[in-house]
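Here the structure is a predicted model, which is why all the values come from computation and not from measurement. Within every chain, numbering begins at 1; the chains are lettered A, B, ... in the order of the sequence lines, protein sequences first and strands thereafter.
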Protein chains: 2
Amino acid sequence: MAKTSIFNEISFNDQIKLLNDFKARSSTFSKGVTIMSNLRTTRDFNIVKSGIVNIIRFNYNGTRTIIETLEEDDVFGNFSSATSEELYVIADTDAEIISFNYDNIFQRYSKNIDLHYQFNENVVKILANKLQSTNDRIQILTEKTIRNKLLNYFNTLYKRNLSKNITIPFSLTNLADYLSIDRSAMMRELKNLKDEGLINQKGKKIQLLYYIN
Amino acid sequence: MAKTSIFNEISFNDQIKLLNDFKARSSTFSKGVTIMSNLRTTRDFNIVKSGIVNIIRFNYNGTRTIIETLEEDDVFGNFSSATSEELYVIADTDAEIISFNYDNIFQRYSKNIDLHYQFNENVVKILANKLQSTNDRIQILTEKTIRNKLLNYFNTLYKRNLSKNITIPFSLTNLADYLSIDRSAMMRELKNLKDEGLINQKGKKIQLLYYIN
DNA sequence: TAAATAGTGTTGCAAAAGCAACAAAAATAA
DNA sequence: TTATTTTTGTTGCTTTTGCAACACTATTTA
């Protein structure tokens, strides 16, 4: 399933009409600024129009973890991520955000009906996509051993690029966090996998040497 | 966020119209029968019209695990659950299932426009809901210790019912599976929690004795 | 109602994972 | 370019978890 953008099949002019119907407002944020400090309680539907934005969790011990990285036309809202901890939305670069009340999506619009149909289709597809990737993550997290978590994760990267040469899209430290395992234990297991000839690894570059069906 | 049914705010007559537009077909299955054997590859959008249906994963070692239990007006499709293993949909009681091609949702319908708007709204809300509960599950699975997984899980049940007397909605065996931990280790930790006076527990009935903020 | 199956509760032991701590490399900022 | 911070890589030790096995209790099914 290809990734759908929120404005898929919607011309620039139509985007303006749509955002007008939704009574959307636009805000700009400079690098490093906190865009939202309580993501799980927002009633807004938000679209990143430019720049890069991170969804961040602050752990009880003070460390911060990147939950998701968003770029142009990615969306966020209270549906976005884990619920029971405080999630911050932080501008990683200068960024422009468009926001409107979530319920406005569901209004009946007598004009621009096809347009709203298309938008709805995009929303449904984006949510279905997000659901699939959270399900991928659950699949990985339910693996019991670090080795199986790693291999399962490598497999999802393999499937995404159809190449045995994969690059971890974030730091190994964040990978350990994403897999919810201890970093040093993960490094140890990576070493084991190397020693057993299952992978080559140097930093974030990994080559899969085993058979994948 | 209250659970939304797929036919929320749609009268019985309108349901018929809608299903007609979608070229939906209805099938009945008797208890125990396999409704679908490859959930992740289906292109259909499915609605449980009556009965109870389980989504089941068969583990490599032959044990089967209930991923999700569905009842009237619950939906399933390739968006439903984890992707990389084979998922079966099995009738737990006699059941009636309505199915139609997923893409038909997105057709432009010149008649019954309000109706389709409402349906779309329901689909979006259901997906957003599912996304929240998978995110809850991720939250639990990312906890590192069995103790924290249990406590986190208890908290979500507490929040759902706002009562410190909670009942695990499935067997302890399935709970261990849901939390992706060894059953005997879970029992041991439940015993620890009891011994330390944090909970009372007898089978699936649990009373939380600690302070929840 | 009896028999069969599934679920609960417990434990010793082995294996895996986490913690802590440190050195070295890499990336970023001054 | 140098200094500072972050990330990577490694290891000994401790704790937690999983596995295996068994008895006992509930729940289904015949």
Please determine which of I166(A), T167(A), I168(A), N165(A) meets the side-chain contact (heavy atoms from CB on, under 4.5 Å) test together with K205(A).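 Only match with K205(A) under side-chain contact (heavy atoms from CB on, under 4.5 Å): T167(A).
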Separation of [N] [atom2] from [X] [atom1] (nearest whole Å):
{"X": "I146(A)", "N": "dC19(C)", "atom1": "CD1", "atom2": "P", "value": "11 Å"}
{"X": "K205(A)", "N": "dA26(C)", "atom1": "NZ", "atom2": "C1'", "value": "15 Å"}
{"X": "K149(B)", "N": "dT16(D)", "atom1": "NZ", "atom2": "C1'", "value": "12 Å"}
{"X": "N174(B)", "N": "dA26(D)", "atom1": "CG", "atom2": "C1'", "value": "15 Å"}
{"X": "D177(A)", "N": "dC19(C)", "atom1": "CG", "atom2": "P", "value": "12 Å"}
{"X": "L172(B)", "N": "dA26(D)", "atom1": "CG", "atom2": "C1'", "value": "12 Å"}
{"X": "E143(A)", "N": "dA17(C)", "atom1": "CD", "atom2": "C1'", "value": "16 Å"}
{"X": "K144(A)", "N": "dA15(C)", "atom1": "NZ", "atom2": "P", "value": "17 Å"}

Whether the side chain of [X] engages the backbone of [Y] through a donor-acceptor N/O pair (distance < 3.5 Å, no angle test) should be reported.
{"X": "N161(B)", "Y": "Y158(B)", "answer": "no"}
{"X": "K130(A)", "Y": "A128(B)", "answer": "no"}
{"X": "T93(B)", "Y": "I52(B)", "answer": "yes"}
{"X": "S171(B)", "Y": "N174(B)", "answer": "yes"}

Tell me whether the guanidinium CZ or amine NZ of R25(B) lies under 6.0 angstrom from the six-membered ring centre of F100(B) and within 45° of its axis.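 Checked: cation-pi criterion not met.
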Apply salt bridge (charged side-chain N to carboxylate O under 4.0 Å, His left out) to residues D92(B) and K31(B) and explain how you reach the verdict. CA-CA 5 Å; D92(B) 192 53; K31(B) 182 178 178 178; over 6 Å; no
Nearest heavy-atom neighbours spanning R160(B) and D136(B): NH2-OD2, 4.5 Å
Side-chain heavy atoms of E72(B) within contact of V48(B), under 4.5 Å: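 A side-chain contact is absent here, since even the closest heavy-atom pair is not under 4.5 Å.
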Inspect the contact between K191(B) and E196(B) and indicate whether a charged nitrogen and a carboxylate oxygen are less than 4.0 angstrom apart. no
Identify the pairs formed between an N or O of the protein and an N or O of nucleotides 20-23 of chain D at a distance under 3.5 Å, and give each distance.
unit_1: dA20(D); atom_1: N6; unit_2: S184(B); atom_2: OG; d: 3.2

Determine to 10° how strongly the helix from dT1(C)-dA30(D) to dA30(C)-dT1(D) is bent, judged from the axes of its five-pair ends.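 Result, rounded to 10 degrees: 70°.
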Within residues 185-204 of chain A, which residues have any heavy atom lying less than 4.0 Å from an atom of DNA chain C?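 Contacting residues: A185(A), R188(A).
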Judged by modelled atom types alone, do T42(B) and N78(B) share a side-chain donor-acceptor pair under 3.5 Å?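 No pair is found: no donor N or O on one side chain lies under 3.5 Å from an acceptor on the other.
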